[in-house]
Amino acid sequence: MSIPDPTERFERVDRHVKDNEKTHVVMLATHYTNPIAEVWDSLTEPQRLADWFGTVTGELRTGGSFAVEDRGVTGTIQYCDRHRALQLEWTEAERTGKVAVAVTTGVTGTSVTVRHTVADDQRWGQYGPAELGVAWDEALAALDVHLSGNIGHTREVLEQIHAEQGKDALRGRLVEAWRQEHVAAGAEEDDARQRSEAAARLLG
């Protein structure tokens, strides 16, 4: 098994928040050294997803519905372009939004971008971008473990990383990163701090 460096992983993710009048977007972009076909399979095949993300069931085709049973997520596959893009209607914690995943290939591997768009609702007002951003950060980190030669052992390796690095410390660093991005997007310092602190309590 191979254990990726969580600090290097943290620094490899570009995070952004975009606030509009009626919607908010949390965006993450990162890079994997694996070829695009392997990354795509890890993002779309139920057996691969079960190793790093969750148990996915349903009609996995454009127009089909799906569920991520151990995450309490349901949704619809609105668009799928093999080795290029996925667009999903995504419902979690009684909140429906849009998730768009784009993959592109390059000389050194594959880039993945995730955009999660939600309405200007009560949860955003309470938790800000960290609630969504940290969850996707941790998912992309799990994908990194999965793609680093640990297929079938991803959860075991993640537990080892959390034991060595401290899960709370790693998550706290992510919450702070999203607080900073919230401020960069125009949020007031005190407001961003209060929302990030609430998100940290929610995430445990």
Side-chain angles (χ1 to χ4, degrees), residues 1-17 26-35 38-39 41-43 45 47-56 68-73 90 92-93 99 101 103 108-116 123 126-185 187 189 192-204:
M1 291 185 294
S2 175
I3 301 179
D5 181 353
T7 298
E8 191 272 340
R9 168 81 256 162
F10 173 89
E11 293 173 348
R12 211 189 322 154
V13 179
D14 291 326
R15 303 168 183 85
H16 297 285
V17 176
V26 168
M27 188 274 281
L28 305 88
T30 192
H31 181 268
Y32 302 94
T33 57
N34 312 70
E38 184 177 6
V39 175
D41 288 349
S42 297
L43 291 167
E45 292 186 358
Q47 185 175 357
R48 300 287 292 265
L49 285 163
D51 186 55
W52 68 271
F53 189 71
T55 303
V56 178
V68 189
E69 296 177 357
D70 32 6
R71 288 178 176 260
V73 172
W90 186 277
E92 184 175 9
V99 172
V101 181
V103 295
T108 60
T110 304
S111 296
V112 176
T113 301
V114 177
R115 298 176 186 270
H116 194 153
R123 293 190 73 89
Q126 186 171 1
Y127 303 117
E131 178 189 10
L132 300 175
V134 170
W136 284 114
D137 249 308
E138 293 181 342
L140 292 176
L143 177 58
D144 187 40
V145 171
H146 176 81
L147 290 168
S148 298
N150 298 301
I151 296 173
H153 301 282
T154 297
R155 297 180 193 278
E156 180 183 346
V157 174
L158 284 172
E159 288 176 1
Q160 185 173 343
I161 291 173
H162 293 158
E164 294 176 355
Q165 302 287 330
K167 185 174 182 178
D168 290 344
L170 292 170
R171 184 168 282 174
R173 189 176 183 185
L174 292 174
V175 169
E176 172 59 17
W178 284 106
R179 184 198 67 79
Q180 293 177 12
E181 291 302 325
H182 198 192
V183 172
E189 286 276 1
R193 176 182 53 78
Q194 290 173 8
R195 296 192 202 189
S196 64
E197 289 175 351
R201 291 191 295 271
L202 175 71
L203 295 167

| field | Atom CD of Q47 with >12 non-hydrogen neighbours under 6.0 angstrom | value |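 Count not over threshold, so no.
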Residue pair [X] / [Y]: nearest heavy atoms and the distance that separates them:
| X | Y | result |
| --- | --- | --- |
| S42 | W52 | O-NE1, 2.8 Å |
| L174 | R15 | CD2-NH2, 3.8 Å |
| A142 | T154 | O-CG2, 3.6 Å |
| N34 | L147 | ND2-O, 2.9 Å |
| E131 | L203 | O-CD2, 4.3 Å |
| A185 | V17 | CB-O, 3.3 Å |

| Can H182 and S196 be counted as having a side-chain donor-acceptor contact under 3.5 angstrom? |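 The answer is no; no qualifying pair exists.
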| field | Donor-acceptor pair between H116 and W90 side chains, under 3.5 angstrom | value |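 Short answer, no.
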Close side-chain approach of [X] and [Y], heavy atoms under 4.5 Å:
| X | Y | answer |
| --- | --- | --- |
| R71 | F53 | yes |
| V145 | I161 | yes |
| L49 | V68 | no |

In Å and rounded to the nearest 0.5 Å, what is the [atom1] to [atom2] distance from [X] to [Y]?
| X | Y | atom1 | atom2 | value |
| --- | --- | --- | --- | --- |
| W178 | R195 | CH2 | CZ | 14.5 Å |
| D137 | L132 | CG | CG | 11.5 Å |
| D14 | T30 | CG | OG1 | 8.0 Å |
| L170 | Q165 | CG | CD | 6.0 Å |
| H153 | Q160 | NE2 | CD | 12.5 Å |

| query | Charged N to carboxylate O under 4.0 angstrom, E189 versus R179? | reply |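 A salt bridge is present here (some side-chain N lies under 4.0 Å from a carboxylate O).
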| query | Using 4.0 Å as the upper bound for N to carboxylate O, is an ion pair formed by E38 and R48? | reply |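 The answer is yes: the pair qualifies as a salt bridge.
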| task | Could you walk me through whether E176 and Q180 pass the side chain to side chain donor-acceptor pair (under 3.5 Å) test, one step at a time? | result | CA-CA 6 Å; E176 172 59 17; Q180 293 177 12; 2.9 Å; yes
| How far apart are the C-alpha atoms of V99 and E92, what are their side-chain angles, what is the distance that settles it, and do they pass the side chain to side chain contact (heavy atoms under 4.5 Å, CB included) test? | CA-CA 11 Å; V99 172; E92 184 175 9; over 6 Å; no
| task | Please lay out, stage by stage, how E159 and R155 fare under the test salt bridge (Lys or Arg N to Asp or Glu O under 4.0 Å). | result | CA-CA 6 Å; E159 288 176 1; R155 297 180 193 278; over 6 Å; no
| said: Tell me whether R12 contacts the main-chain N or O of H31 through its side chain, where contact means a donor paired with an acceptor under 3.5 Å. | reply: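 Pair found, side chain donor or acceptor close to backbone of H31.
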